[in-house]
Amino acid sequence: MKFSELVTLFRDYENAMYSPSRSEVKFGCDCGCGGDSYTAESWDEEEQYAADSIVKMKEFCTKYGIYYDGIE
C-alpha cells in the first residue's frame, strides 16, 4: 500500500462519519435538515460510499491486527 492510498482510506472513512443518515438528515424532509436537497440516486450514492469506506477500514484493521471500534 502506498502512503497516498493510506491517506485516502482514512479521508474516506472520516467522510463516512458525516454521511447523510449519520448526520441526522432525513431523506426528503423539508424541516431544514437538508434531506430535501437529495435525489433518491444521490442519497443512495452517498450512503453506499460511506458503507464501502467503513468496510475498507474494517478490512485494513483486520489485515494489520488493529481492533476496530469505529462507526458501524
Side-chain angles (χ1 to χ4, degrees):
M1 173 179 273
K2 296 182 206 175
F3 179 73
S4 60
E5 293 170 331
L6 181 63
V7 169
T8 298
L9 175 71
F10 277 84
R11 198 173 287 152
D12 289 348
Y13 176 79
E14 185 174 52
N15 290 336
M17 294 189 297
Y18 303 105
S19 70
S21 65
R22 289 176 180 81
S23 299
E24 305 298 321
V25 175
K26 308 288 187 254
F27 177 71
C29 181
D30 63 357
C31 73
C33 68
D36 57 345
S37 66
Y38 290 92
T39 64
E41 184 178 279
S42 66
W43 179 272
D44 290 344
E45 286 174 2
E46 291 270 345
E47 292 299 309
Q48 189 60 54
Y49 168 81
D52 292 346
S53 297
I54 293 166
V55 165
K56 288 176 184 176
M57 182 58 76
K58 287 179 178 180
E59 289 171 349
F60 174 83
C61 288
T62 298
K63 181 177 180 176
Y64 292 100
I66 301 167
Y67 176 75
Y68 179 83
D69 62 349
I71 57 176
E72 293 298 326

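One-based numbering along the sequence shown.
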Pair listing, salt bridge (charged side-chain N to carboxylate O under 4.0 Å, His left out) test, anchored in residues 56-72, at least two apart: Lys58-Glu72

According to a hydrophobic-cluster definition based on side-chain heavy atoms being under 4.5 Å apart (Ile, Leu, Val, Met, Phe, Trp, Tyr only), do [X] and [Y] belong together?
X: Tyr68; Y: Met17; value: yes
X: Ile66; Y: Val55; value: no
X: Met57; Y: Tyr67; value: no
X: Phe27; Y: Tyr18; value: no

side-chain hydrogen bond (donor to acceptor under 3.5 Å, both in side chains) involving [X] - partner list, sequence neighbours excluded:
X: Asp44; answer: none
X: Glu46; answer: none
X: Arg22; answer: Ser19
X: Ser4; answer: none

Heavy-atom check, side chain of Ser21 versus side chain of Trp43, under 4.5 Å: yes

Step-by-step side chain to side chain contact (heavy atoms under 4.5 Å, CB included) determination, Glu5 to Leu9: CA-CA 6 Å; Glu5 293 170 331; Leu9 175 71; over 6 Å; no

Heavy-atom pair of closest approach, residues Ala16 and Ile54: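 Of all heavy-atom pairs spanning Ala16 and Ile54, the closest is CB-CG1, 4.0 Å.
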
Which residues share a ring-ring contact (aromatic ring centres under 6.0 Å, His included) with Tyr13, sequence neighbours left out: none

Residues that Tyr64 engages under ring-ring contact (aromatic ring centres under 6.0 Å, His included), provided they are two or more places apart: Phe60

Non-neighbouring partners of Glu45 that pass side-chain contact (heavy atoms from CB on, under 4.5 Å), sequence neighbours left out: Glu41

side-chain contact (heavy atoms from CB on, under 4.5 Å) against Asp12, all qualifying residues, sequence neighbours excluded: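 Once residues adjacent in sequence are excluded, the partners of Asp12 under the side-chain contact (heavy atoms from CB on, under 4.5 Å) criterion are Thr8, Tyr49, Ser53.
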
All pairs passing side chain to side chain donor-acceptor pair (under 3.5 Å) where residues 26-39 contributes a residue, at least two apart: Thr39-Ser42

